[in-house]
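Contents: one structure, followed by commentary.
What you see below is based on every heavy atom in this structure, not just the backbone, and it leaves out hydrogens, waters and symmetry mates.
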Amino acid sequence: MMLRLIRDRLDEYRESLKKRGSDFPLERLLELDDRRRKLIQEINGLRHQKNILEQEIARKIRSGAEAIEKDKVKTLDEQIKQKENELSKVEEQINSLQLVMPNFVESSVPVGPDESYNVVVRTWGEAGKTGPDHIDIGLKLDLIDLERAAKTSGARFYYLKRDLVRLNYALIAYGLDFGVRKGFTLLQPPYMLRRAIVESAVDLSAFEDAIYKIENEDLYLLTTSEHAILGYHYDEILDEKDLPLKYVGISPCFRKEAGAHGRDTKGIFRVHVFEKVEQFIYSKPEDSWKHHEELIRNAEEFFQSLEIPYRVVNVASGELGACAAKKYDLEVWLPGQNKYREAVSCSNCLEWQAIRAKIRYRKGNELNYVHTLNSTLVATERALIAIMENHYQPDGRIKIPRPLVPYMNGQEYIEPQKV
RNA sequence: GCCGGGGUCCCCUAACCUGGUAUGGGGCAGGCCUGGAGAGCCUGUGGCCGAUAAGGCCUUGUGGGUUCAAAUCCCACCCCCGGCGCCA
């Protein structure tokens with residue numbers, strides 16, 4: 001299906017691969033597809049002959065005659081079997097290529113191999129403030145324990161303590177209410193998914209680098225509720241009048257971070273488990289770019305309400321990931337690191353995921369693939385870092401952002417522990 | 001986990017025992033009819049190959065097997081419902 005799309009827009013697709021710097025073997029895939037189509041034609045012809053023979057046999061048996069063509073059917077069966085074996089080998093190769101086949105690249109995406117080619121779209125708030133990092137603050141106020149987490153679970157784990165636990169749940173509760181106000185439907189998904197579901201949502205490289213597998217089961221721990229929300233409508237036909245479908249998911253996210261050795265090793269910035277409130281939209285194709293802007297604007301409004309300075313970047317073609325045709329990152333200012341760091345990722349996957357997940361919609365008499373879009377609303381551990389570092393007061397307290405105060409039972413500051 | 005019942009096209013449903021190429025209804029789309037609407041009637045409704053043709057192949061939860069032939073018989077697995085057991 002993705003193949004047909006690519007055959008229709010072959011030049012554009014070659015250009016997209018070039019922009020990504022992808023070494024995807026497109027020519028080989030096209031050759032295999034030609035071979036596949038030829039085999040299907042041959043098999044269809046043989047099956048047609050077989051069907052005709054079978055009907056003759058049935059007719060003869062009904063009229064009481066002895067059926068004598070059985071050996072002819074056997075010969076056909078052998079020929080069919082042989083072609084089918086070849087076909088299934090070809091299809092196997094096609095499938096494994098399709099699992100790593102990247103999406104198109106949208107024309108407004110900056111072309112370049114790495115993040116240095118990202119283009120800043122806009123900035124909000126006063127960046128440049130410096131101060132202690134979340135680890136120092138967390139230790140000083142007894143809000144984070146990393147050593148004991150290392151003892152129980154290893155690197156990249158953490159215990160949150162005291163008011164930071166409450167602040168985490170306040171962020172989640174605020175994020176969910178925020179999503180509902182924006183017209184999204186809340187969804188708390190299963191935290192484990194079958195392989196087929198995960199494969200429809202990601203490219204293969206994600207499996208090795210990110211995904212934890214449950215032993216002896218066809219189940220994988222969620223890396224983001226995005227995948228579970230895509231799976232929600234797996235193999236379904238939606239009605240045009242129900243689109244767009246907007247969901248906000250809440251779940252923990254489990255990530256191996258296998259490809260990230262040595263990066264962000266301290267603190268709770270890059271960890272194996274974190275909570276995330278996620279926006280997801282199933283859209284009609286003609287509306288998906290409008291919704292892409294809507295999703296990033298929602299995330300921006302959320303971080304503005306927390307009074308955290310940020311910038312939005314248009315991610316360069318080489319950093320997109322296979323699924324996305326365009327991706328915005330929202331990067332928050334972290335005084336402890338003296339730089340902007342990624343807190344939100346907002347992608348338009350076009351029909352890439354929908355084709356793999358077989359999600360279509362009915363428009364009058366025809367069926368079309370939907371477009372899917374996803375964006376973080378808030379990954380709470382990273383937001384906690386941003387709050388701790390940006391709202392740290394000279395007197396050693398952390399000011400709780402206004403919208404979270406009601407979720408903290410009116411509490412306005414996190415106070416240092418009295419010794 | 002155990003015992004029983006079940007999974008058919010977008011939805012519902014017939015055929016399953018007794019193997020012969022998936023029935024009917026609803027919805028939706030188009031057409032006829034109408035001043036207009038409704039009712040009624042007709043046609044279409046998934047996937048693949050092919051030129052958007054003609055035509056053909058495939059499709060009854062998934063994968064195997066028996067057979068000239070499988071929705072139908074056999075085996076394994078998945079899921080749903082009911083009962084029992086276990087459990088935060």
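- Annotation: the span from A:Lys151 atom NZ to A:Leu146 atom CG amounts to 13.5 Å, rounded to 0.5 Å.
- When the C1' atom is used for both B:G61 and B:U8, the distance is 10 Å, rounded to whole Å.
- Along RNA chain B, the stretch of nucleotides lying under 4.0 Å from any heavy atom of chain A spans, 5' to 3', B:C10 to B:C79.
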Discussion item. Walk me through whether A:Gln353 and A:Thr372 qualify under side-chain hydrogen bond (donor to acceptor under 3.5 Å, both in side chains).
Written reply: CA-CA 7 Å; A:Gln353 288 180 327; A:Thr372 60; 2.7 Å; yes

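- If you find the closest nucleotide of RNA chain B to A:Asp77 and to A:Lys363, the one lying nearer the 5' end belongs to A:Lys363.
- Nearer the 5' end of RNA chain B, as judged by each residue's closest nucleotide, is the contact made by A:Arg360, out of A:Arg194 and A:Arg360.
- Distance noted for atom P between B:A22 and B:U60: 11 Å (whole Å).
- Ring centroids of A:Phe269 and A:His134 are separated by 6.0 Å or more, keeping the two rings apart.
- Aromatic ring centres of A:Phe104 and A:Tyr13: separated by under 6.0 Å.
- Summarising the local packing, CD of A:Glu240 is surrounded by more than 12 heavy atoms from other residues, nucleotides or ligands at distances under 6.0 Å.
- Shown here, B:C84 forms a base pair with B:G1; the pair counts as Watson-Crick or G-U wobble because both key distances fall under 3.5 Å.
- Residues of residues 24-52 of chain A that place a heavy atom closer than 4.0 Å to RNA chain B, in numerical order, are A:Arg36, A:Arg37, A:Ile40, A:Gln41, A:Asn44, A:Arg47, A:His48, A:Lys50, A:Asn51.
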